[in-house]
Number of protein chains: 2
Amino acid sequence: MGQAATIKDVAQRAGCGVATVSRVLNNTGPASAEMRERVLAAVDALDFQFSEVGRSLQSNTTRTIGCVVPSIENPVYADAVQGAQEVFRNAGYQMLLICTNYSPEIETNAIRTLVAKQVDGVLLTVADAQKSEGLDLVRSRRLPHSLLFNEAPDGEVSWSVGDHAAAALVADKFAMNNHKNTGFLALNFLNSDRARQRYEGFVEGCAKNAMAPPALLEVDDDGHDLTDHLRGFLHDHPDLTGIFASNDFLALATIRSARNLFIKVPQELSIVGFDGIKVGLMVEPSLATIVTAPRDLGAGAGQTILSLINGTSPPERPSKNSTFSFRAGGSLMPLPAESKDDGKVAAFPPSNDPTQKTA
Amino acid sequence: MGQAATIKDVAQRAGCGVATVSRVLNNTGPASAEMRERVLAAVDALDFQFSEVGRSLQSNTTRTIGCVVPSIENPVYADAVQGAQEVFRNAGYQMLLICTNYSPEIETNAIRTLVAKQVDGVLLTVADAQKSEGLDLVRSRRLPHSLLFNEAPDGEVSWSVGDHAAAALVADKFAMNNHKNTGFLALNFLNSDRARQRYEGFVEGCAKNAMAPPALLEVDDDGHDLTDHLRGFLHDHPDLTGIFASNDFLALATIRSARNLFIKVPQELSIVGFDGIKVGLMVEPSLATIVTAPRDLGAGAGQTILSLINGTSPPERPSKNSTFSFRAGGSLMPLPAESKDDGKVAAFPPSNDPTQKTA
DNA sequence: GCCCCCTGTGGAAACGTTTCCACCAATGGG
DNA sequence: CCCATTGGTGGAAACGTTTCCACAGGGGGC
């Protein structure tokens, strides 16, 4: 049939009241076998399906959860979103997705919209969890929510990588490989609390390991022509032996830029990334990086929201230090102790060609 | 305030009827300056926002569009989804996203759910556009929709790569490089009409170029241990010089598997992919592939749906042959004419190291 | 034989909007 | 002076559900 049969149509065709139809279809309350039969026949004939809109109005619940992330072009977010979406689907919830493109205004509007749509909960990765208009709105409405990738300000729920600790671990790894002078490369430093936390963790880690404070290079564009930035950066800091990039894409772009500048990676410059996207294993040299589990984080955050809605006990959160691990790779090369002129000795093969596999 | 103020609360506080509040806030119909003032003050005091649920029930419209894709872990779909989502956002529509994980049952359920949610339109990438229960449902409800990546069965709207023509182009490229014996590697052959169309196009292209009919290798898992499959495949077809993989991920996995089998790519085996994901440019050798514009396809499909809803004229669709192009890469190496034993001459450098740049 | 309770049923209210319509006052033209 | 129009306003219906309540009939316990 063409247009949307309603419960009234079904009732009329079955020759009963709407209440009976509702009871039969929802299996709530009694109904005679014969009536049940008639109702089901009518439903079948009319191809009837309940309107969720009517239901939502009545039940004050939409079985919909909003999800706001910067962009799903980044596989980290894509994986997390998909993980959450699966959890929602299995629980009978749908997901409204909005990508902010890292824009705080879009972020605020998105959250406002989701609130107006009466979503039952929201899953948020905001630009800055310390001052987010949208987050404030969510709080004031007491809407079930969970932060994702953002570090929670106070006792709030969040599923995040331990950015600070992970970045400190990167400093440890640089130190273990005798690097003293490193740089930190950040995209969107101002608009991302994650990048800032990674920077702070890295600075602390460098200090702890008696390394020089890392030089900071901030880029704002999407880094196609990272080459010019890198040239200037290395010119200003000629003694750098390693760069920690705030995410894997940036790290890969840096490797390519270095190649354009005829700088050998890792022989002349080591690179470490953050996120652990699969691609890092496919490139040459393979990318040393912090590996995270975005899908699990997304799923966990999704479950948290569901438990908030249902009042059930929330899922166990992994301890801050088990949400990441360091993955060795050819892009990080050890320097000889107390010298940085020559880097022939490799703890990890700079190639992932198995014909050269050493381990 | 804690819980959701309604229009009645506003009316009461402003000392007027609900109709007046509605008129003021929607700028529909007259209202005195003083009343306008009072209403706005009340809205401000109560932090009032319209409930979209109430609105939807009344207007029979939800300003929501459903989107069903196999998975956003694949950047092709992720980009397309994001492109569509942006179009929707700019038009004041939100997007419900469901990933099917390539499962037809989930696909059917997803579409059913979206219909029940009264979405104003749907954007679909189905497993098989020829026989899709969900698609049938959408058609019978006359719900505005557009297919994405699927070839439309008849006069229906779809935004797709010209899979058939693109695959034929790949055959041309193999032929131009003197390959005669090739294989086609497909994931989920049974569950994806795209893979089938690419296969058919490739078969036709091979025939047109007087090449041997391609050998077909079908894998069903997500291809971590493609190595065993590849070993068997090459054993059964020892004269293969090139493999066309039905998507880039599969192509990259094939390259890695070949490496595990000590088979040099491209010297001993050429690989061509499909999709043109960015990663293909980062690997070594760079991946020869069909480049597509998923983001544009997603945006176009999104606009098509909006125009269907609004009755405006639909966006121009690019001609079937301009939706893709071939990207040369080091993974496809020319063979000497009339011989396949030695492949020293490279039309494209097998490395993307700029120090070896020849062009 | 009476009352109570249980099963089966339908009417109607409520959810939050928009919009049609009716009403009132004021104003202007005849 | 009266009538028609216009601007400003509120009541109420409608959208599609769920659920409370009332009601009818029947069976069983006393």
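Numbered from 1 within each chain, the chains take letters A, B, ... in sequence-line order. Basis for what follows: all heavy atoms, side chains included, without hydrogens, waters or symmetry-related copies.
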Euclidean distance, atom [atom1] of residue [X] to atom [atom2] of [N] [Å, nearest integer]:
X: B:K117; N: D:dT17; atom1: NZ; atom2: P; value: 15 Å
X: A:I7; N: C:dG11; atom1: CD1; atom2: P; value: 13 Å
X: B:K8; N: D:dA13; atom1: NZ; atom2: C1'; value: 13 Å
X: A:Q118; N: C:dC15; atom1: CD; atom2: P; value: 13 Å
X: A:L25; N: D:dT18; atom1: CG; atom2: P; value: 8 Å

- request: Just call it for B:Q49: base, sugar-phosphate, or nothing, with non-hydrogen atoms closer than 4.0 Å on any strand.
  value: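 Contact class for B:Q49: sugar-phosphate only.
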- prompt: What does A:S22 touch in the nucleic acid at a heavy-atom separation under 4.0 angstrom: a base, only the sugar-phosphate, or nothing?
  reply: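 Here A:S22 touches the bases of the nucleic acid.
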- prompt: Which of these nucleotides, D:dT17, D:dA12, C:dG16, is closest to any side-chain atom of B:T6?
  reply: C:dG16
message: Nearest to the A:F48 side chain among C:dA12, D:dT17, C:dT19, which nucleotide is it?
response: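 The nucleotide sitting nearest to the side chain is D:dT17.
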message: Going by side chain to side chain contact (heavy atoms under 4.5 Å, CB included), A:I65 matches just one of A:V87, A:L96, A:L306. Which one?
response: A:L306
Taking only nitrogen or oxygen atoms into account, show me every contact under 3.5 Å that the protein makes with nucleotides 21-28 of chain D, one pair per line with its distance.
none

query: Given side chains that start at C-beta, do those of A:I7 and A:F48 come closer than 4.5 Å, heavy atoms only?
result: yes
Donor-acceptor side-chain pairing of B:E107 and B:S132 below 3.5 angstrom: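 Per modelled atom types, B:E107 and B:S132 side chains form a pair under 3.5 Å.
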task: Using atom types as modelled and distance alone, determine if a side-chain donor or acceptor of A:S22 lies under 3.5 Å from a backbone N or O of A:V18.
output: no
- request: Among A:D193, A:T125, A:D128, A:D163, find the one that has a side-chain hydrogen bond (donor to acceptor under 3.5 Å, both in side chains) with A:N150.
  value: A:D193
statement: Note: contacts of residues 27-39 of chain A with DNA chain C (heavy atom, under 4.0 Å) are A:P30, A:A31, A:S32, A:M35
message: With the threshold set at under 4.0 Å for non-hydrogen atoms, list the residues of residues 51-64 of chain A touching DNA chain D in residue-number order.
response: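 Result for residues 51-64 of chain A: A:S51, A:G54, A:R55, A:L57, A:Q58, sorted by number.
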- prompt: A:A116 and B:Q49: which non-hydrogen atoms are nearest, and at how many Å?
  reply: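 Here A:A116 and B:Q49 meet closest at CB-NE2, 3.6 Å.
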